[in-house]
2 protein chains.
Amino acid sequence: MQSRQGRQDREDFSPGVTGGPVAAAGLDEMTAAKLWGNPCWLTYRLNYLALRYNVPLYNWVERTYGLSRPEYVVIYSLGLKDGALARDIANSSGFPQNTLSRAIQKLVGLGLIERTADDADRRCNVLRLTKEGRALFEESLPRFVDFEHMMLEALDEDERKTLSALMAKLVLASTGWPGRIGREESSQEKANS
Amino acid sequence: MQSRQGRQDREDFSPGVTGGPVAAAGLDEMTAAKLWGNPCWLTYRLNYLALRYNVPLYNWVERTYGLSRPEYVVIYSLGLKDGALARDIANSSGFPQNTLSRAIQKLVGLGLIERTADDADRRCNVLRLTKEGRALFEESLPRFVDFEHMMLEALDEDERKTLSALMAKLVLASTGWPGRIGREESSQEKANS
DNA sequence: ATCATATATTTCCAAATGGAACTTGTTTAT
DNA sequence: ATAAACAAGTTCCATTTGGAAATATATGAT
C-alpha cells in the first residue's frame with residue numbers, strides 16, 4: 001500500500017513519530033518536508049510553533065493597543081518582573097538594546113512605564129509599570145494564556161508535565177551553548193551583492 | 001529554608017518542574033522569571049530555545065556566505081524540497097512573500113538557484129537549487145545538524161523520542177489554531193505615536 | 001590618582017522590512 | 001463568453017531595524 005502522497009525517498013529524521021503524519025492533513029508539502037523530513041526536526045518545530053503563537057498574538061496587540069512587538073515585550077517583561085533594567089529585557093527577549101531603548105522611550109511617553117535612574121549605579125535606569133501599564137498587562141495577559149492553553153489542549157496533563165520538564169532540561173543546558181559560532185572562512189566564495 | 005534569591009510570591013506555573021532550577025545557575029533574574037514564573041511557559045521556552053539556535057547559526061551564515069536569513073531559508077527550503085514555489089517557502093517559513101521575492105532575485109543573480117515558469121500555471125515560478133546552491137546547502141547543513149545535536153545532548157534517547165512525539169502532536173493540532181485573533185476594540189485607548 | 005577597560009543606554013544611519021497596491025494569469029459564477 | 005474573484009509574484013515606499021559609534025558612568029590596574 002505505497003502512498004504516492006509526496007513521501008520522500010529519504011530517511012525519517014523524526015524520532016518517535018510513526019509514519020502516520022507524513023501525509024499530514026492540512027499541511028502543504030514543503031511544511032510537511034520541514035516537519036517530518038528535516039534533520040533539524042527540533043529547531044524547525046520550535047520555530048514553527050513559536051510562529052503559530054507569535055503572529056496572531058502580536059498582531060492582536062498591535063491592532064488592540066497600537067503597540068509593536070518590542071513595545072509589548074517591555075510591558076510583558078515588567079509585568080513578570082517589575083523594576084528591571086533595559087538590559088535584562090534585552091537578554092531575556094533577544095531584542096537588541098537600541099530597539100528596546102526606543103520602545104521604552106515610547107512607553108514612557110505614553111505613560112505606561114516609568115524610568116528612574118538608579119542612584120547606586122547612575123548608568124542604570126530602573127523600569128516600572130505605571131498603574132496604566134499594569135492595567136494593560138493584566139487586560140492583555142489572558143489572551144496570551146488562553147492561546148497557550150488552546151495549544152496545549154492536544155496534550156493530556158501527563159504529557160504537558162513531560163513536555164514542560166523536557167523543555168526545562170534544554171533551557172537549563174542552554175547556558176552551555178555557544179552564542180556564536182567560530183569565524184573561519186569556508187571554501188565557498190563570500191557572495192555579497 | 002526560604003530562599004531570598006529572587007523567588008517571587010507567585011504561583012509556580014511550570015508543570016512537572018521541581019523547585020530546583022528556580023535559582024538557576026547562569027540565568028539572570030528576568031530570564032528566570034520568564035522561564036519559571038510565566039503563565040505562558042510553553043511559548044516562552046519555544047521562543048527562547050529557538051533564539052538560542054537561530055542567532056548563532058544565521059549569524060554564522062551571514063559571516064560565512066554573506067546571505068541574510070531569508071536568503072538562506074530559501075536555500076534550506078529547496079535543499080529539503082526542490083522544485084517548490086516562493087509561496088511554499090513563505091507558508092512554511094513565515095517570511096512574507098515580498099521579502100522572499102527579493103531573496104530569490106538575489107539568489108538567482110548569484111547563481112545559487114534557478115527559476116523557471118511553470119507551463120501548467122504561468123503565474124508560478126518553480127525554484128530549484130543549482131549545483132552551486134546545493135553545494136552550499138550541503139556544506140552548511142552539518143553546522144545546523146551539529147548544533148541541534150548539541151542541544152539534544154541534554155536528553156537521552158528516550159527523552160528525545162518523547163519530545164519529538166509531543167512536539168509533533170502540537171504541530172499536527174496546529175492546523176486548528178486561528179491565524180488571527182478577533183478584532184474587537186479593547187477598553188484601553190489605542191495609543192499610537 | 002590616573003588611565004584603560006567594561007557596562008548601560010542612546011543616537012546615527014544605511015539597509016531591511018512588510019503592508020498595500022499593482023501586474024499577470026487562472027478560476028468561478030452567471 | 002464575460003466579469004468578478006482569486007492567486008502568484010513584484011514593486012513601492014514609509015517605517016523599522018540593528019550594527020556601530022557616541023555618551024555617560026563605573027571598575028580595575030598600575
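Each chain gets a letter, A, B and so on, in the order its sequence line appears, and its residues count up from 1.
- Here A:Tyr72 and A:Phe137 keep their ring centres 6.0 angstrom or further from each other.
- The heavy-atom pair separating A:Asn47 from B:Ala50 by the smallest distance is OD1-CB, 3.5 Å.
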Taking only nitrogen or oxygen atoms into account, show me every contact under 3.5 Å that the protein makes with nucleotides 1-4 of chain C, one pair per line with its distance.
none

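- For A:Asn59 and A:Arg63, the side-chain atoms include at least one donor-acceptor pair closer than 3.5 Å.
- Of all the heavy atoms in B:Leu51 and A:Gly94, the pair that sits closest is CD2-CA, 3.4 Å.
- Taking a heavy-atom distance under 4.0 Å as the criterion, the stretch of DNA chain D touched by chain B extends 5' to 3' from D:dA7 to D:dC12.
- For the segment residues 49-58 of chain B, the set of residues with a heavy atom within less than 4.0 Å of an atom of DNA chain C is empty.
- Of the residues in residues 96-103 of chain A, those placing a heavy atom less than 4.0 Å from an atom of DNA chain C are A:Gln97, A:Asn98, A:Ser101, A:Arg102, in numerical order.
- Residues from residues 120-130 of chain B placing a heavy atom under 4.0 Å of any atom in DNA chain C, listed by number, are B:Asp121, B:Arg122, B:Arg123.
- Five base pairs at each end of the helix from C:dA1-D:dT30 to C:dT30-D:dA1 define two local axes, and these are offset by 30° (rounded to 10°).
- Taking 4.0 Å as the cut-off between side-chain N and carboxylate O, B:Glu159 and A:Lys169 count as a salt-bridged pair.
- Residue-level contact check: A:Arg115 touches the backbone only, with heavy atoms under 4.0 Å from sugar-phosphate atoms and none from bases.
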